[in-house]
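Computed from a prediction, not measured in an experiment: that's the story for all the values here. Reminder, nothing fancy here: chain letters follow the sequence lines and each chain counts from 1.
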Number of protein chains: 2
Amino acid sequence: MLQTVEKAAQVLYLFTPERPEWGVSQVAAELGLPKSSAHAFLSTVAEVGLLYRLMTGRYRLGFRILTLSQSLLHNTPWREAAASEMEKLRHATGETVHLAVMAGGELVSVIRLDGTRPDHAQISPAGSVVPSHCTAPGKMLLALRPWAFVGAVLDQHGLEGFTPNTIVSRDELRSELLKIRERGFAYDIEEYRAGVCCVAAPVRNHNGETIVALGITVPSERFHAHKEALREAALAGAERISQQIGFDPDFTQSGRYWWTSVEGREELRPARPIRSKRSKDSE
Amino acid sequence: MLQTVEKAAQVLYLFTPERPEWGVSQVAAELGLPKSSAHAFLSTVAEVGLLYRLMTGRYRLGFRILTLSQSLLHNTPWREAAASEMEKLRHATGETVHLAVMAGGELVSVIRLDGTRPDHAQISPAGSVVPSHCTAPGKMLLALRPWAFVGAVLDQHGLEGFTPNTIVSRDELRSELLKIRERGFAYDIEEYRAGVCCVAAPVRNHNGETIVALGITVPSERFHAHKEALREAALAGAERISQQIGFDPDFTQSGRYWWTSVEGREELRPARPIRSKRSKDSE
DNA sequence: CAAAATGTTCGCGTATCCTGAACAGCAAGC
DNA sequence: GCTTGCTGTTCAGGATACGCGAACATTTTG
């Protein structure tokens with residue numbers, strides 16, 4: 001709903017570190033809009049301060065972003081607690097440790113700690129957006145959401161293939177998610193980047209809901225040599241974080257459909273009774 | 001234009017560190033919208049990841065903000081150069097030094113360095129939004145914009161009074177801005193916070209345009225005792241920063257109306273010839 | 001100097017958003 | 001307990017505001 005706002009967000013999200021500057025025509029071409037519409041969007045978003053207009057008529061992100069960012073970090077105290085636990089995990093394993101949440105159907109990295117080994121896995125920095133269907137934390141978080149949600153995400157972002165191992169079939173992904181849900185952890189065996197694997201474990205709050213996922217990312221050879229140990233480390237780490245921050249009231253964030261199940265039978269216990277019984281678990 | 005997007009931004013800006021959580025009814029009451037409209041806005045903005053929906057139906061900022069913030073900081077290299085110069089200034093004066101830009105008609109603090117003296121002036125942290133009509137950097141930036149822009153800003157945000165010294169009359173503000181423009185610096189004599197004064201100087205790029213302002217904020221007694229010295233320090237500091245970062249191409253940010261003048265006669269030289277001759281210097 | 005690109009403006013038609021009223025859960029209230 | 005206020009949510013009709021295409025102004029390319 002409110003497609004105008006959705007499109008404005010799309011425009012905003014075009015501004016990445018790799019491509020920080022956009023003009024009207026470029027935006028129009030990229031999003032398939034008429035130039036005049038692109039102009040209206042850029043102009044309006046700039047007017048409210050989220051973009052800044054250069055003299056040339058091109059645009060960059062505006063400093064009002066900084067304000068929102070401050071507000072966000074200020075009321076996310078659990079970040080620090082999680083970071084300190086993750087530091088221990090990095091020290092123990094020497095590998096790259098990261099924490100991610102889902103936002104807007106994609107995976108956003110919240111904390112990244114690079115491994116201490118010289119050949120630690122390189123992953124994208126905190127704040128990055130990565131697809132959810134081909135990363136361990138992404139699949140972990142998808143697995144604990146109802147299929148209706150997963151379907152909506154896939155409709156919107158598709159199942160892009162990055163390596164030969166990437167799951168690009170909906171059915172295959174579905175059974176993978178069911179398996180992950182049952183086991184309680186997720187693997188990514190070179191599904192996003194060749195030569196890089198990852199294990200992810202869910203961080204739960206006191207209601208058993210999973211909002212964020214912890215991942216340990218490791219170069220393939222070493223990953224396969226210590227698969228079980230890494231998995232246990234991830235699970236234990238996620239568990240410790242859960243205990244530390246699970247009762248933080250700020251941590252009860254959730255999407256629209258937390259409690260419903262993947263299959264339709266197996267059901268997650270919600271914190272409070274379900275209110276609307278929107279059982280159109282379509283597709 | 002695009003009032004839908006504007007309202008969505010208004011909704012987003014409600015989420016401050018002091019008030020990080022909002023429900024549908026609260027937003028509706030605050031912005032004077034029907035509940036259903038507030039619902040649509042919150043719901044849509046959450047869908048794109050800029051907000052996050054709690055289980056209770058209340059909302060918080062979403063982590064997609066983090067992504068934008070990363071992009072912004074990544075392509076704002078002049079922050080570091082400015083910060084190092086400001087550090088020198090803090091060391092020399094012992095006072096609180098800050099740097100601010102205008103975004104969405106209000107003043108956004110980009111860098112804040114607390115003074116080293118035990119009784120240094122306390123100001124709001126980086127990322128904060130403060131009014132522009134009653135702060136020294138705000139008035140400095142307004143003064144270098146055409147009156148049409150100033151008028152639009154005042155129409156939108158009004159002239160709220162914070163202390164007996166706050167300028168609340170449009171005419172009075174106008175002559176104040178003209179004076180500031182002529183002199184090249186701005187004072188704030190307890191116009192925003194009682195007992196606190198500030199001097200601001202413009203940071204210019206190589207075209208002579210002013211995008212950011214440097215401020216030194218000081219408790220009133222000490223301010224009046226060293227008024228001229230502080231002013232010179234601010235001007236010199238701003239000048240050094242200008243020379244360091246003035247040629248950074250990222251620093252040529254500008255609004256819609258940079259070049260036109262306050263009065264209609266006196267004219268700022270633009271980098272490139274003026275294109276649109278929108279001379280509706282209304283009001 | 002010509003030509004293709006840019007950002008910008010304007011007006012019309014229609015799709016989209018805004019609204020108000022009704023619904024469903026929840027938390028207190030005599 | 002049942003009721004009264006409060007949440008968030010849904011729906012459908014009517015009016016507004018958005019999106020489009022064409023034309024303009026300017027700059028950069030050839």
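Straight-line distance from the CE atom of B:M1 to the P atom of C:dG7: 15 Å, rounded to whole Å. Regarding B:Q26, its CD atom lies at a distance of 13 Å from the P atom of D:dC6, rounded to whole Å. Straight-line distance from the CD atom of A:E6 to the C1' atom of C:dC17: 13 Å, rounded to whole Å. Atom NZ in B:K7 sits roughly 17 Å away from atom P in C:dT16 (whole-Å rounding). The interatomic distance linking B:L33 (CG) with D:dT16 (C1') rounds to 16 Å, in whole Å. Note: CG (A:L31) to P (D:dC18) measures 18 Å, nearest angstrom. Rounded to an integer number of Å, the gap from CH2 of A:W22 to P of C:dG7 is 12 Å. Atom C1' of nucleotide C:dT19 and atom CG of A:L2 are separated by 13 Å, given to the nearest angstrom.
For the atom pair B:L144 CG and B:R204 CZ, the distance stands at 5.5 Å (nearest 0.5 Å). To the nearest 0.5 Å, atom OG of residue A:S71 and atom CD1 of residue B:I65 are 8.5 Å apart. Considering CG of B:L154 and CG of B:L159, their distance stands at 5.0 Å, rounded to 0.5 Å.
OP1 or OP2 of C:dT8 has at least one side-chain nitrogen or oxygen of A:H39 nearer than 4.0 Å. The phosphate of C:dT8 (OP1 or OP2) has no side-chain N or O of A:S36 nearer than 4.0 angstrom.
By the 4.5 Å heavy-atom criterion applied to side chains, A:S25 and A:K35 are counted as neighbours. For the pair A:F15 and B:L68, the minimum side-chain heavy-atom distance is 4.5 Å or more.
Distances from the side chain of B:R58 to the nucleotides C:dC18, D:dC20, D:dG8 place D:dG8 closest. Across D:dG8, C:dT19, D:dC20, the shortest atom-to-atom separation from the side chain of B:K35 is found for D:dG8. Set against C:dT8, C:dG20, C:dT6, the side chain of A:Y59 has C:dT8 as its closest nucleotide.
Consecutive Watson-Crick or G-U pairing (both distances under 3.5 Å) extending over three or more pairs maps onto DNA chain D as C:3-15 with D:16-28, C:17-25 with D:6-14, C:27-29 with D:2-4.
Taking the C1' atoms as reference points, D:dC11 lies 22 Å from C:dC26, given to the whole Å.
Residues A:G23 and A:Q3 each lie close to DNA chain C; by heavy-atom proximity, the contact nearer the 5' end of the strand is made by A:G23.
Heavy atoms only, all atoms of each residue included: A:V5 and B:A8 are closest at CG2-CB, 3.9 Å. Contact between B:V108 and A:R64 at its shortest, heavy atoms only, is CG2-CD, 4.2 Å.
As judged by a 4.0 angstrom heavy-atom cut-off over every strand, B:T4 is placed among residues touching the sugar-phosphate backbone only.
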